[in-house]
Amino acid sequence: MADYSHDCPILHVDMDAFYASVALREHPELVDVPVIVGGAQRGVVLSANYLARAFGVRSGMPSTRARRLCPQAVTLSPDYDTFTAVSSSVMETFRQVTPLVEVVSLDEAFLDVRGATRRLGSPLEVAEQLRATIHDEQGITCSVGLAGSVTLAKIGSRRAKPDGVVVVPPSAVTTYLHPLDVGELWGVGEKTQAMLHRLGLVTVGDIAHTPLRTLQRAIGVALGQHLHGLAWGDDRREITPRHGAFEADKSMGANETFGRDTDDREVIVREILRQTTRVTNRMRVAGVAGRTVTLTVRFADFTTITRSRTLPEATDVTQEVYRTATRLYDALGLQRARVRLVGVRVEGLVARTAVHRQLLLGEREHGWSDADRAVDRATLRYGTAMVGPASLLTARP
DNA sequence: TCTGGGGTCCTAGGACCC
DNA sequence: TCTGGGGTCCTAGGACCC
């Protein structure tokens, strides 16, 4: 096979059906069976092997629907510890090739291999070496897209699936790109795709030949600019080496869907406290504090609202976040609305060392802060189940 | 008994300030 | 005597990604 990859030093590596593939390592007896990795009663499909996909099962799909499509599938519950461990090993393999690794998620990364070709061969050869290594070491397959830019590499890997490689050389960019549906572009989801289709813009080529201003009027200034550029293969996004989340997070949040919808304030407020403790604990571990507290409430009909409040000072104190979130909840004045989910998020995160507490709130806050750190220490030693606010010790509904 | 959980970014209006 | 114009912050919602 001719190697056209010399001008394609950007690799997008994407594990094939990652969660399902990892889960199947632990269950070799299931390799010839449709397998779904997914949540419990009210969950969605996290991943499905290709046998299940043949029945139309897709990740993100409600589990109930997936079971209807493929009743004979075996459902496995996710084991995040294993997923995380496998992911770390894979990312480590990438870093043996180049330090320029941008981790997108557990199962995806961009690599800039410009600095590795002298040592390891053409980008295509590097890609094949990586695929072989991951297969040998982890027992799972991946697909790789190679191009001169991240967007094209990403499109390449999608079209390489499963277990393949696609090279998109610069000379082929427009001929490759223009026939594709607009939905293939990164940043075009369901809504934007539908909107563009309504306007008669079906392919990437249609976007390319639409005046920028027209495009921007339809879908907004920023997105219009972005897509118009991409349609001509103009993508200047650089790879920024990142080890994944947790490095410079701008916000941290937690939410969980109730097993059953509820209108019981006591249950809801207890859940707000539970989510708050999860968030603030993670914040303190990461050494960050934040000023804006956002409460999310999703109702039984799936409509979702948010309410936020910005505090005078950044905080990582559980009680402060909890009190703010609870006030936001009570200000909604809900009567008998059935609530499906509540969530708490803290935004505007900064390093805790950068926060100058003015102690406006007095000694009492100091007390709470000390209490938090005691809980954190205990949590570290005994696990989350053992320590927490007394009001969480009651069983959840 | 359809529809998770973790995030990021953009838009738009109003307040507020100069 | 008709009343600008920007910039920044805050809030709410929405689209998108994995």
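The analysis underlying the following values was restricted to heavy atoms, covering all of them including side chains, and did not include hydrogens, waters or symmetry mates. Lettering of chains follows the sequences in order, A, B, ..., and the numbering in each one begins at 1.
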Between A:Thr304 and A:Thr292, who's closer to the 5' end of DNA chain C by nearest nucleotide?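 Going by which nucleotide is closer to the 5' end, it is A:Thr292.
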
Earlier contact from the 5' end, DNA chain C, for A:Arg291 and A:Thr306: A:Arg291

Heavy atoms only, 4.0 Å cut-off, all strands: where does [X] land among base, sugar-phosphate and nothing?
| X | answer |
| --- | --- |
| A:Gly253 | sugar-phosphate |
| A:Arg345 | base |
| A:Thr192 | sugar-phosphate |
| A:Arg278 | sugar-phosphate |

Sorted by chain and number, sequence neighbours left out, side-chain hydrogen bond (donor to acceptor under 3.5 Å, both in side chains) with A:Thr240 holds for A:Glu102

Rounded distance (Å) that lies between atom [atom2] of [N] and atom [atom1] of [X]:
| X | N | atom1 | atom2 | result |
| --- | --- | --- | --- | --- |
| A:Leu295 | C:dG13 | CG | P | 11 Å |
| A:Ile36 | B:dG4 | CD1 | C1' | 15 Å |
| A:Leu349 | B:dT8 | CG | P | 8 Å |
| A:Leu46 | B:dG6 | CG | C1' | 12 Å |
| A:Ile305 | C:dG14 | CD1 | P | 11 Å |
| A:Gln216 | B:dA12 | CD | P | 12 Å |
| A:Arg298 | B:dG5 | CZ | P | 8 Å |
| A:Glu102 | B:dT8 | CD | P | 14 Å |

Quick check for you: to the nearest 0.5 Å, what is the distance between [X] atom [atom1] and [Y] atom [atom2]?
| X | Y | atom1 | atom2 | result |
| --- | --- | --- | --- | --- |
| A:Arg309 | A:Thr292 | CZ | OG1 | 10.0 Å |
| A:Asp32 | A:Glu29 | CG | CD | 11.0 Å |
| A:Asp249 | A:Leu349 | CG | CG | 7.0 Å |

[X] side chain near [N] phosphate (N/O to OP1/OP2, under 4.0 Å):
| X | N | value |
| --- | --- | --- |
| A:Arg260 | B:dT1 | no |
| A:Arg340 | B:dC2 | no |
| A:Lys154 | C:dC17 | no |
| A:Ser105 | C:dC17 | no |
| A:Ser63 | B:dG4 | no |

Any stacking of A:Trp186 on C:dC17, going by centres under 5.5 angstrom and planes within less than 30 degrees?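 According to the criterion (under 5.5 Å, under 30°), no, A:Trp186 does not stack.
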
Residue [X], side-chain heavy atoms: nucleotide from [options] that is nearest:
| X | options | value |
| --- | --- | --- |
| A:Arg307 | B:dT8, C:dG13, B:dG4 | C:dG13 |
| A:Thr257 | B:dG4, B:dG6, B:dC2 | B:dG4 |
| A:Thr310 | C:dA12, C:dC10, B:dT11 | C:dC10 |

Quickly, which of A:Thr276, A:Asp372, A:Asp376 forms a side chain to side chain donor-acceptor pair (under 3.5 Å) with A:Thr318? Name it, please.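 Result: among A:Thr276, A:Asp372, A:Asp376, A:Asp372 is the only option passing the side chain to side chain donor-acceptor pair (under 3.5 Å) with A:Thr318.
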
A:Asp301 vs A:Asn255, nearer the 5' end of DNA chain B by closest nucleotide: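 The answer here is A:Asp301.
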
Between A:Phe302 and A:Ala222, which residue's closest nucleotide on DNA chain B lies nearer the 5′ terminus? A:Phe302

Is C:dT3 in the syn or the anti form, by the rule that syn lies within 90° of 0? syn

How about A:Asn255 and A:Thr296: does a side-chain donor come under 3.5 Å of a side-chain acceptor? no

Say whether, by atom type as modelled, one donor and one acceptor occur between the side chain of [X] and the main chain of [Y] under 3.5 angstrom.
| X | Y | result |
| --- | --- | --- |
| A:Asp206 | A:Thr203 | yes |
| A:Thr304 | A:Phe302 | yes |
| A:His6 | A:Pro169 | no |

In whole angstrom, give me the gap between the C1' atoms of B:dC17 and C:dG4. 14 Å

With both pairing distances under 3.5 angstrom for Watson-Crick or G-U wobble, and | for a partner in another strand, the correct string for DNA chain C is ....||||||||||||||

